[in-house]
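It should be emphasised that the depicted structure is a prediction, and the values quoted were computed from it without experimental measurement. Numbered from 1 within each chain, the chains take letters A, B, ... in sequence-line order.
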Amino acid sequence: MGEIDADTFADRRYRTIEEILKASLRVRGRGELTISDMLDRVFLNRVLGIPIFLILMWATFQFAFAVSEPFMVMLERAFGWLGGLFGEAETPLVSFWSDGICGGLGFVMVFIFPIMFLFLALAILEDSGYLPRAAFVMDRLMYRCGLHGRSFIPLLMGFGCNLPAIMATRTIGDERDRLITILVNPLISCSARLPVYVLIAGAFFGAHAGTAIFLMYVLGIVLAIMMALLFRRVIPGLKGRPSPFLMELPPYRRPTGRSILLHMWSRAVVFLRKAGTILLGGAIILWFMSSFPWGADLGSSYAGMLGHLIEPIVRPLGFDWMGAVALFFGFLAKEIVVETFGILYGVGGEDEIMAAVAGHMTPVTGLAFMVFTLIYLPCLATLGTVRAETGSWKWTGFMVLYQLLLAYTVAGIVVITGNLVMGV
Amino acid sequence: MNLRGMGVYALLIGALCVVFGLLEAVLVFMECEIWIPRDLFGGLALIVIGAVYLSGVRELLEEKNEGISFLLVGSILIGVFGILHILMIGADWLMYLLGEVDEFPVVNALRPEILLFVAALPVIVYFIRGVELQSSG
């Protein structure tokens with residue numbers, strides 16, 4: 001037998017399955033629908049499928065932001081109390097405890113709740129069997145935009161963490177499809193960016209903060225699709241049509257509480273592990289840089305020196321030196337952006353830090369900062385994975401360059417348009 | 001429940017969803033005091049849910065089983081949004097207990113999504129029973 005392609009093989013396989021089923025099963029009466037048939041008829045609908053997907057994602061982010069708020073306040077108060085245990089931060093050791101550990105690491109820790117709630121909602125969507133349907137619905141759009149349908153799963157995984165999402169591109173057979181998916185994957189908002197969005201959106205958008213966060217996720221998807229289309233059309237090695245996609249849809253299931261909680265807990269453990277390692281390290285470095293030379297004011301500290309050095313690059317976007325330092329260290333892990341604000345502003349509590357953010361930025365620059373954080377660079381670990389998966393420094397370097405350029409351009413557009421609209 | 005009855009029910013709830021959705025979205029651009037919240041995306045979500053309900057009305061009125069699909073998914077979606085806003089009221093209440101907000105006006109927190117969820121409850125219960133029967137039999 002000669003070689004046959006994957007689609008012909010799948011087609012023959014399904015035809016055989018159909019013949020066996022026809023011979024062995026009693027066929028339901030005409031018009032008799034199962035619950036699964038009914039759900040698929042609407043969730044996979046050509047017109048309604050994508051709007052339904054979008055409103056469910058919007059509900060997910062509203063849930064993650066609004067419902068987690070009181071729990072964040074409770075944890076924040078606990079850290080505030082712990083930070084004040086040794087009185088005023090007059091000695092380096094007390095300052096290390098109150099400003100570095102409780103003010104920096106403690107502040108970023110409160111964001112464990114939106115992350116847990118986000119993954120609780122995503123687990124419900126996944127376990128119910130809806131998320132694979134979302135992939136199916138998005139496939140038509142993605143194919144037109146030059147992305148392989150199978151790219152949707154790694155892109156979806158990117159909402160959790162870009163690192164395993166990039167590793168998951170191994171399931172894409174065609175090397176060009178895979179490379180494009182890797183290159184655009186960091187544009188999908190991972191959970192590490194969520195604390196930055198929650199902080200800035202909370203500071204500027206009040207009751208509409210959930211919507212602002214949702215728009216950041218949508219922007220990430222739109223940019224990923226646009227860049228994929230551009231790469232497919234412009235870069236010689238990536239030109240061509242994506243290969244066709246065939247996927248089996250799992251049955252709908254009622255999600256079990258145990259499985260959902262396990263899913264949520266596993267994300268919380270990932271965050272806690274990160275908090276105990278890289279975020280703790282980041283807090284110590286940032287505390288040291290912002291507190292020394294001891295007694296000097298913040299602008300003259302090592303952090304201030306670094307910030308003033310980078311500031312001219314981001315000044316046109318309206319970011320000050322503190323924003324520049326936050327973005328610089330955000331390259332290690334995106335949560336460090338929030339940690340940096342917690343330490344540099346030197347105030348305790350979410351409300352106080354939000355007020356400090358609102359004092360240092362305008363709503364327009366705040367939005368531009370969110371956009372820049374979304375696009376500018378993946379974290380160091382993800383970049384290492386891109387190098388390992390592509391096996392090429394050239395593609396890794398290309399990704400860094402295009403993301404920096406894109407971040408600057410899109411944030412610039414936000415600033416110019418926003419200022420025009422606001423009449424600044 | 002007969003299919004025509006379901007059709008009328010879907011038409012009613014679908015139309016209400018669209019009307020409330022339009023109001024929520026349009027009020028963002030208007031200055032007036034009304035209990036309906038100003039929420040562009042919340043309004044758009046309600047319009048989508050309304051569209052789902054209304055898409056099945058014709059088939060249901062023609063007594064075609066296929067129309068039930070839209071009633072089922074519309075009810076799931078309004079259930080999701082109703083529960084979401086109830087949870088958000090709970091979160092607001094906790095914030096009030098924590099002293100983060102000065103008042104907790106529960107009447108203002110009652111959004112159209114919650115009222116529509118209550119209106120759709122009979123259909124939701126009907127489908128839940130249907131699913132249980134299908135999985136047991």
(message) Need one label for A:Leu39: side chain, backbone, both or neither, based on atoms under 4.5 Å from any heavy atom in chain B.
(response) both
(request) Please indicate whether A:Phe205 has more than 12 foreign heavy atoms, meaning atoms of other residues, nucleotides or ligands, lying under 6.0 Å from its CZ. (result) yes
(request) Work out which heavy atom in A:Arg41 is nearest to a heavy atom in B:Gly67; give both atom names and the distance. (result) NH1-N, 4.1 Å
(message) If the contact rule is any heavy atom under 4.5 Å from chain A, which residues of residues 38-57 of chain B qualify, in numerical order?
(response) B:Arg38, B:Asp39, B:Phe41, B:Gly42, B:Ala45, B:Val48, B:Ile49, B:Ala51, B:Val52, B:Ser55
(message) So if I take each residue of residues 73-85 of chain B and look for any heavy atom under 4.5 Å from a heavy atom in chain A, which residues do I end up with?
(response) B:Val73, B:Ile76, B:Leu77, B:Val80, B:Phe81, B:Leu84
(request) Working to the nearest 0.5 Å, report the span between CG of B:Leu94 and CD of A:Glu69. (result) 11.0 Å
(request) Taking all non-hydrogen atoms of both residues into account, name the closest pair between B:Leu98 and A:Arg77 and its distance. (result) O-NH2, 2.6 Å
(message) Which atoms of A:Asp40 are under 4.5 Å from chain B, going by heavy atoms: the side chain, the backbone, both sets, or neither?
(response) neither
(request) Calculate, to the nearest 0.5 Å, the distance between atoms CD1 and CZ belonging to B:Ile128 and A:Arg254 respectively. (result) 7.0 Å
(message) Using every non-hydrogen atom in the two residues, find where A:Pro70 and B:Ala91 come nearest and quote the distance to one decimal.
(response) CG-O, 3.7 Å
(request) Select one option (side chain, backbone, both, neither) describing which atoms of A:Val67 are under 4.5 Å from chain B's heavy atoms. (result) both
(message) Quick check on A:Ile52 against chain B: is it the side chain, the backbone, both or neither that has a heavy atom closer than 4.5 Å?
(response) both
